[in-house]
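I have placed the structure first, in the form of structure tokens, so that the comments after it can refer back to it.
Quick note on labels: first sequence line is chain A, next is B, and so on, each numbered from 1.
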Number of protein chains: 2
Amino acid sequence: MNVMNDSPRRKELTRQAAQLFVQEGFDRTTVRMLAQEMGIKSGSLFHHFRDKQEILAAVIEEGTENALAIARQALDQCDSDPEARLHAMARAHLETLLTDRNAHVVALYEWRRLAPEARDHLGHLRDAYEALWEEVLDEALAAGLIRGDRFLVSRFVMGALNWTVRWYDPHGERSPEDLARELIAMITHPAH
Amino acid sequence: MNVMNDSPRRKELTRQAAQLFVQEGFDRTTVRMLAQEMGIKSGSLFHHFRDKQEILAAVIEEGTENALAIARQALDQCDSDPEARLHAMARAHLETLLTDRNAHVVALYEWRRLAPEARDHLGHLRDAYEALWEEVLDEALAAGLIRGDRFLVSRFVMGALNWTVRWYDPHGERSPEDLARELIAMITHPAH
DNA sequence: CGTTTACACTAGCGCTTGCTTGGTTGACCC
DNA sequence: GGGTCAACCAAGCAAGCGCTAGTGTAAACG
């Protein structure tokens, strides 16, 4: 067995699994369906993954790592004023939703199907991502750009953003940029 | 078989099923688990419901109907100015989340597990509920209380509200009233 | 050359799943 | 006191599930 490496082959299989998990849900996706999608037999699947659980963990891990990387890059490259940073984060969030949509949908819907150990590991990744948000929101609150309770504001914003996977059409007219701008406009009270 | 009535017995069984669906997820909840929770044997379950699917539909139907009823009542009883109506809707939404929490969590997470016909029927119920929101948001937009694109504002607000099932603690310090006030404060730009 | 390694296959075990069948019970009705 | 009816039970079927064991093979390596 070949456990826990991250060969390119495994990356590709993970990507295909994500697609199926979104279509059918984790529990309804059988190892036989996964194998067929991958063009192999069901037994061969366990050469790449210890068990079905591990496939789920791999899908979510990749999505979250990408989100984190993109968000960090966006923060590095943008201006340092609170509004620019807020905008950069929102745009980065919506852009990962576009490029890694399957993985993020799986992360949002199937989180509870993770084994406790995997949930623990991935929870830390997710916490790191949300910490970036809280930092940026704190700056916006301090600058008077947003009003309200820090905890609630952060939850409301994350909710509005994560909910987009339900209705956002990547092939539609609106770009991530558009959505980010609209969201910021809705919640900010510009100084005057 | 006893199909499709709504006896009090069936109502009670539906309530218990909702609890299990939240804990385990629909697919992982077996008819044997459901039966045990209900204090009967698995075979007896099919005296009350045609199949497992129908239990899910019953859970979601009850939750959505309650949400609709509470929202309508709230709108009837509040003042007619846009901010009061906005506040009433947000509070009503969060209050159903408190009283019918299980049903709403199931509706949000397990919607896709519904059979197409059930999804169709319940989709209309859900549309009726969201229409109430759009009406109230339109008034708020017209009054200049909120700025931005109607479609996007509505999606963002629904996202922020529905996301609350992930983190809101009914036994915590914050009341639905508090949350509603905070959310309105965050997104409104009061005339001055 | 022989050995190792990565990847795939065949075959099937042991178990659980949703659901069916045929029958029993006790409350109520005229 | 025979008939009705909702509610429940015992037993089990057919299908599908995750996963394993053992084997084959072709490329890579020393």
Side-chain angles (χ1 to χ4, degrees), chain A residues 1-60 106 110 112-119, chain B residues 1-60 106 110 112-119:
Chain A
M1 196 161 306
N2 199 6
V3 281
M4 284 295 234
N5 69 358
D6 29 38
S7 63
R9 180 83 179 117
R10 185 172 147 132
K11 269 245 156 67
E12 171 63 13
L13 297 181
T14 302
R15 222 183 45 80
Q16 287 174 308
Q19 166 95 20
L20 258 183
F21 287 160
V22 169
Q23 271 175 40
E24 307 287 331
F26 177 71
D27 290 318
R28 274 176 137 74
T29 305
T30 71
V31 294
R32 286 166 179 83
M33 292 163 66
L34 287 165
Q36 187 169 25
E37 183 83 6
M38 298 167 177
I40 57 180
K41 301 293 176 181
S42 71
S44 312
L45 210 158
F46 295 92
H47 174 71
H48 301 279
F49 303 92
R50 204 189 308 271
D51 52 27
K52 195 186 164 191
Q53 279 273 0
E54 200 178 272
I55 310 179
L56 178 60
V59 167
I60 297 183
V106 170
E110 314 285 358
R112 293 157 356 132
R113 271 59 175 175
L114 284 170
E117 329 103 49
R119 196 170 352 191
Chain B
M1 194 157 307
N2 200 5
V3 283
M4 284 294 233
N5 69 357
D6 28 40
S7 64
R9 182 79 178 119
R10 186 173 144 132
K11 268 246 157 65
E12 171 63 14
L13 297 180
T14 302
R15 223 185 43 81
Q16 288 175 307
Q19 166 94 20
L20 258 182
F21 286 161
V22 169
Q23 271 175 37
E24 307 287 332
F26 176 69
D27 290 318
R28 275 179 137 74
T29 305
T30 69
V31 293
R32 286 166 179 83
M33 293 165 65
L34 286 165
Q36 185 168 25
E37 183 84 4
M38 298 166 178
I40 58 180
K41 300 294 175 180
S42 71
S44 313
L45 212 156
F46 295 91
H47 174 71
H48 301 280
F49 302 91
R50 204 191 308 270
D51 53 26
K52 195 185 163 191
Q53 280 272 359
E54 199 178 271
I55 311 180
L56 177 62
V59 167
I60 297 183
V106 171
E110 315 285 359
R112 291 153 2 126
R113 272 60 176 174
L114 284 170
E117 328 104 50
R119 194 166 357 186

Mind checking if B:Arg9 touches a base, just sugar-phosphate, or nothing, with heavy atoms under 4.0 Å?
sugar-phosphate
Would you check if the side chain of B:Arg32 reaches a backbone N or O of B:Ser42 as a donor-acceptor pair within less than 3.5 Å?
no
Please report the distance, rounded to the nearest Å, between CD in A:Gln36 and P in C:dA8.
15 Å
Which heavy atom of B:Phe49 sits nearest a heavy atom of B:Glu54, and at what distance?
CA-OE2, 3.5 Å
Are any of B:Ser44's side-chain N or O atoms less than 4.0 Å away from OP1 or OP2 of D:dA7?
no
Can you check the A:Met38 CE to C:dC9 P distance for me, whole Å?
13 Å
Looking at every heavy atom in both A:Gly25 and A:Thr29, which two are closest together, and how far apart are they?
O-OG1, 2.6 Å
Within this structure, what is the CG-to-P distance between A:Asp27 and C:dT16, rounded to whole angstrom?
16 Å
Ignoring the backbone of A:Ile40, work out which of C:dC9, D:dC8, D:dC19 is nearest its side chain.
C:dC9
Picking from D:dA7, C:dC19, C:dT10, the nucleotide nearest the side-chain atoms of B:Ser42 would be C:dC19
Round to a whole Å and report the spacing from CZ of B:Arg28 to P of D:dG18.
10 Å
With respect to the side chain of A:Lys41, which nucleotide from C:dT10, C:dG18, D:dC9 is positioned closest?
C:dT10
4.5 Å side-chain heavy-atom contact, A:Arg10 and A:Leu13:
no
For B:Leu13 and A:Val31, find the nucleotide of DNA chain D closest to each by heavy atoms; which residue's nucleotide sits nearer the 5' end?
B:Leu13
A:His48 side chain N/O closer than 4.0 Å to the phosphate oxygens (OP1, OP2) of C:dA6?
no
Rounded to whole Å, please give me the gap between CE in A:Met33 and P in D:dG16.
13 Å
Short side-chain N/O contact to C:dC7 OP1/OP2 from A:His47, under 4.0 Å:
yes
Which heavy-atom pair separates A:Gln53 from B:Arg28 by the least distance, and what is that distance?
NE2-NH2, 4.3 Å
Per the atom types in the model, does the base of D:dG16 pair as donor or acceptor with the side chain of A:Arg32 at under 3.5 Å?
no
Whole angstrom value for the distance that separates P of D:dA10 from CG of B:Leu45:
15 Å
Nearest-Å distance for atom pair CZ/C1', residues B:Phe46 and D:dG12:
14 Å
note: B:Phe49, atom CZ; C:dG18, atom P; distance rounded to Å ~ 15 Å
